[in-house]
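I have placed the structure first, in the form of structure tokens, so that the comments after it can refer back to it.
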Protein chains: 2
Amino acid sequence: MTKRKENSTNSINREYITTNCDAIYTVCKISGRWKMKIIYTLSTYETLRFNELRDHIQGITDRMLTLQLKELEADSLVVRKVFPEVPPRVEYSLTDITKELLPIWPALEQWAEKHRALVSEDNEE
Amino acid sequence: MTKRKENSTNSINREYITTNCDAIYTVCKISGRWKMKIIYTLSTYETLRFNELRDHIQGITDRMLTLQLKELEADSLVVRKVFPEVPPRVEYSLTDITKELLPIWPALEQWAEKHRALVSEDNEE
DNA sequence: CGGGATCCGATCTGATACTG
DNA sequence: CAGTATCAGATCGGATCCCG
């Protein structure tokens, strides 16, 4: 029984996802405190350096950005490109497979709006 | 600053989701160790009692089923219907808004397949 | 600049036992 | 049947300091 591979920062991104429902697999890959935000940010800016990425993501710490980027890279969701320069320069961007995930975003956003509307209705009066 | 409302079993389902990316909101609602599995199961069986649900979800404990169902109910994703009988009888089903989420499932599943194919390629040789 | 290492509290989850 | 209560361990996330 292999334990976990590395330090995962994701609560459901574990090996026990042997469900017959593959949708869970996908959501697991993007579940993580900052992953969707990172993906979203990279999708709008194409390529960003570490500090740029951090500056675009309110509230994230270096540590978490590092960890989440590592996981995303390990999962082939993000590409890390190192330029052998001084000072060092590292650029992050989305992989093609991740870009294929972006068309789903609007559907998720629309559902969020609908759901929010419903819930606030319930809370009125 | 309101803290958390209840016991959330979800690591990213917190109040700090004030991102400009609503897709995160949606994923948060279904992120949780067993939530998607519960939704998936209820989507195929329409209505299930507590024990039935548990029997369909391999590995879940009563405790976790209770907790996740509570959160799903609080978020209006699941309906809990109690029949005043002896022995007690409780039926769970999806809300309409949750059913509107199901059309997204196939896209997520297809991405999972693609991604898995890519990753296994990388691992070969 | 782009991280890594460490510490530690907050959170999540499982096991077990119990109940109206 | 449909849960609840309690405890312990695993995991996560933030803060802080350090480095080539």
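When reading the values below, keep in mind they use all heavy atoms of this one structure, side chains included, and skip hydrogens, waters and symmetry mates.
Heavy atoms of A:F83 sit nowhere under 4.0 angstrom from any nucleic acid atom. If you check every strand for non-hydrogen atoms under 4.0 Å, B:R54 touches nothing.
Which of C:dG14, C:dG2, D:dG3 sits closest to the side chain of B:R33 comes down to C:dG14. Considering only the side chain of B:T61, C:dA15 comes nearest among D:dA2, C:dA15, D:dC1. Picking from C:dG14, D:dT4, C:dG2 the nucleotide with the shortest atom distance to the side chain of A:V90 gives C:dG2. In the set C:dC1, C:dG3, C:dT13, the nucleotide with an atom closest to the side chain of B:Q68 is C:dT13. For B:D62, the listed nucleotide lying nearest its side chain is D:dT4; candidates were D:dG13, C:dT13, D:dT4. For B:N51, whose side chain is taken as the heavy atoms from C-beta onward, the closest listed nucleotide among D:dC1, C:dG14, C:dG2 is D:dC1. Listed nucleotides: C:dT13, D:dG14, D:dC1. Nearest to the side chain of B:P88: D:dC1.
Judged by a 6.0 Å distance limit and a 45° cone about the ring axis, B:R116 is positioned over the six-membered ring of A:Y25.
Regarding contacts with the backbone of D:dC1, every side-chain N or O of B:R49 stays at 4.0 angstrom or more from both OP1 and OP2. For D:dC1, the OP1/OP2 oxygens have no side-chain nitrogen or oxygen of B:Y92 closer than 4.0 Å. In this structure, A:K70 reaches the C:dG4 phosphate: one of its side-chain N or O atoms is under 4.0 Å from OP1 or OP2.
Atom P of nucleotide C:dG3 and atom CD of A:E85 are separated by 14 Å, given to the nearest angstrom. Taking atom CD of A:E91 as the reference point, atom C1' of C:dC1 lies 13 Å away to the nearest angstrom. As a whole-Å value, the separation of A:L48 CG from C:dG2 C1' is 14 Å. We find that CH2 of A:W34 is positioned 10 Å from C1' of D:dG14, with the value rounded to whole Å. In this structure, the CZ atom of B:R80 is 8 Å from the C1' atom of D:dA2, given to the nearest Å. Going from atom CG of B:L67 over to atom C1' of C:dA15 covers 14 Å, rounded to whole Å. Put simply, CD1 on A:I60 is 8 Å from P on D:dG14, counting in whole angstrom units. Atom CZ of B:F50 is separated from atom P of D:dC1 by 11 Å (rounded to the nearest Å).
Checked for salt-bridge contact, A:E52 and A:R54 miss the test: no charged N lies under 4.0 Å from a carboxylate O.
Rounded to 10°, the helix from C:dC1-D:dG20 to C:dG20-D:dC1 has 50° between the axis fitted to its first five pairs and the one fitted to its last five.
Looking at B:L101 and B:T26, their side chains come closer than 4.5 Å, going by heavy atoms from C-beta outward. Under the 4.5 Å side-chain criterion, counting only non-hydrogen atoms from C-beta, B:I39 is in contact with B:W105.
Within 6.0 Å of the NZ atom in B:K99, the count of heavy atoms belonging to other residues, nucleotides or ligands exceeds 12. The environment of A:E85 atom CD is dense: over 12 non-hydrogen atoms of other residues, nucleotides or ligands sit within 6.0 angstrom.
A donor-acceptor contact under 3.5 angstrom links the side chains of B:S31 and A:S31, judged on distance only.
No hydrogens or angles were tested; on distance alone, a donor-acceptor pair under 3.5 Å links the side chain of A:R63 to the base of D:dG13.
With B:Q68 contributing its side chain and B:K35 its backbone, the two residues share a donor-acceptor pair below 3.5 Å.
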